[in-house]
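Here it is: the structure, laid out below.
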Amino acid sequence: MESASQPLLDWYDRHARRLPWRVPPADSRNGVRPDPYHVWLSEVMLQQTTVAAVKAYFEAFLARWPRLEDLAAASQEDVLKAWAGLGYYSRARNLKKCADTVVREFGGAFPQTQAELKTLPGIGDYTSASIAAIAFGERAAVVDGNIERVITRLLAEETPLPAAKTLCRQEMDRLTPGDRPGDFAQAMMDLGATICTPKRPACALCPLRPTCRGHALGIADTLPRKAPKKAKPLRRGAAFVAIRKDGSVWLTKRADAGLLGGMSGPPTSDWSAAQDGATDESAAPFEAAWRDVGRIQHTFTHFQLELVVFVAKDAAPVEPGDGWWSAPGNLPDEALPTVMKKSLSAAIPDAFKRKRAP
């Protein structure tokens, strides 16, 4: 353990990335730990999302909800609006549920062990280990994609992912020191993000090169092996963008459960990950002079979606309760997922260039 952990921690002390949710290693060595709220928020945001994309969202969330109690007091609608564009919207719904639970059942203080953290909504093995190690100093094995890559190269492990995940977790548990486990986890993440990269790893700069079997065998850049990806099915549907004479756009809210739950957008046909929806005017929310303006495509985790976009201008008012008219310039503030923004942009090219009037 010493042969791997200490050289890596020494490297981290010199080269740690400066991230808004982190405590610098110099402070960490003196016992300063980050706010658990900041660690939790960043780790949830970072699931399936890059650091570059998360920074602005993280800072915006903290500016709006500086404490966990503030987030718990917010409405789910406002949280979803702030999350719009970050993707994987179940994370935002679970974020709100988790904040509510911690405030209601734990008095606003996160539990400090991985086992207790895993009982909270939206927190699994990885997130619970990250919070426990980084915020509370528990010796927990933190394994993300970067760390899997580092470990498979260290071991020259040729078992494809995801089958190799268990081995990676076992090895990370063996490597993680009792002292500074949070810094060690973040050092492994940084090593994978900046040195042990997916392509052309900078092995000459790696502090673990002397113990890396993958480098010794000359196969580091071919690891980790990955099982062949299955082709994603293509689903089809239609989106209906109704524009009133004053430029307002008709939006509806999707059901809370299921894909894009609780998010907003123009009405669509009834498509899902398992089935196609209608691709013609038969699924329109009301009668109007609908006109086909093209198709947009969007890739979800398990399938691809193609939507035929219809637009109706000078649309007649719709019965209250079915949705709402979003005034010109307000669309950027709505809880719109990327696929809905694509649909609206196909009908209104400058929809997201407009700004709300002061």
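Since the model is a prediction, treat every value here as computed from it, not as a measurement. Below, each value reflects all heavy atoms present in this structure, side chains not excepted, and no hydrogens, waters or symmetry copies. Sequence positions, counted from 1, serve as the residue numbers for this chain.
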### Message
Among residues at least two apart in sequence or on other chains, which ones pass salt bridge (Lys or Arg N to Asp or Glu O under 4.0 Å) with Arg29?
### Response
Asp13
### Which atom of Asp276 lies closest to which atom of Arg236, heavy atoms considered
OD1-N, 2.9 Å
### Task
Tell me, yes or no, whether the heavy-atom count around Arg104 atom CZ, taken from other residues, nucleotides or ligands under 6.0 Å, exceeds 12.
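Counting other residues, nucleotides and ligands, CZ of Arg104 exceeds 12 neighbours.
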### Message
Between Lys230 and His302 (side chain of the first, backbone of the second, donor and acceptor by atom type, cut-off under 3.5 Å), is there such a pair?
### Response
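Not a single qualifying donor-acceptor pair exists.
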### Task
Please say whether the positively charged group of Arg254, taken as NZ for Lys or CZ for Arg, lies over the ring of Trp271, i.e. under 6.0 angstrom from the six-membered ring centre and within 45 degrees of the axis.
yes
### Task
Determine whether the side chains of Gln47 and Tyr126 contain a donor N or O and an acceptor N or O closer than 3.5 Å.
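On atom types as modelled, these side chains do not qualify, holding no pair under 3.5 Å.
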### Message
Is it true that Thr159 and Glu157 share a donor-acceptor pair across their side chains at a distance under 3.5 Å?
### Response
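Yes - a donor-acceptor pair under 3.5 Å links their side chains.
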### Task
State, without any angle test, whether Ser264 and Glu334 hold a side-chain donor-acceptor pair at a distance under 3.5 Å.
no
### Task
Anything under 30° is parallel, anything over 60° is perpendicular, the rest tilted; go ahead and classify Trp290 against Phe240.
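The arrangement is perpendicular - the two ring planes meet at more than 60°.
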### Taking every non-hydrogen atom, the tightest pair across Ala220 and His215
CB-N, 3.9 Å
### Query
Does a donor on one side chain and an acceptor on the other come within less than 3.5 Å for Gln186 and Arg22?
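Indeed, the side chains of Gln186 and Arg22 share at least one donor-acceptor pair under 3.5 Å.
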### Under 3.5 Å: donor-acceptor pair, side chain of Thr49, backbone of Leu46
no
### Task
Consider only side-chain N and O atoms of Thr113 and Glu116, and report whether a donor and an acceptor are under 3.5 Å apart.
yes
#### Entry: Results of side chain to side chain donor-acceptor pair (under 3.5 Å) for Asp125 - residues two or more places apart only
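If we apply the side chain to side chain donor-acceptor pair (under 3.5 Å) test to Asp125, skipping adjacent residues, the hits are Lys118.
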### Message
Are more than 12 heavy atoms, taken from residues, nucleotides or ligands other than Lys313, located less than 6.0 Å from that residue's NZ atom?
### Response
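Counting other residues, nucleotides and ligands, NZ of Lys313 stays at 12 neighbours or fewer.
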### Task
Answer with yes or no after comparing the ring centroid distance for Phe300 and His298 against a 6.0 Å cut-off, counting only values under it.
yes
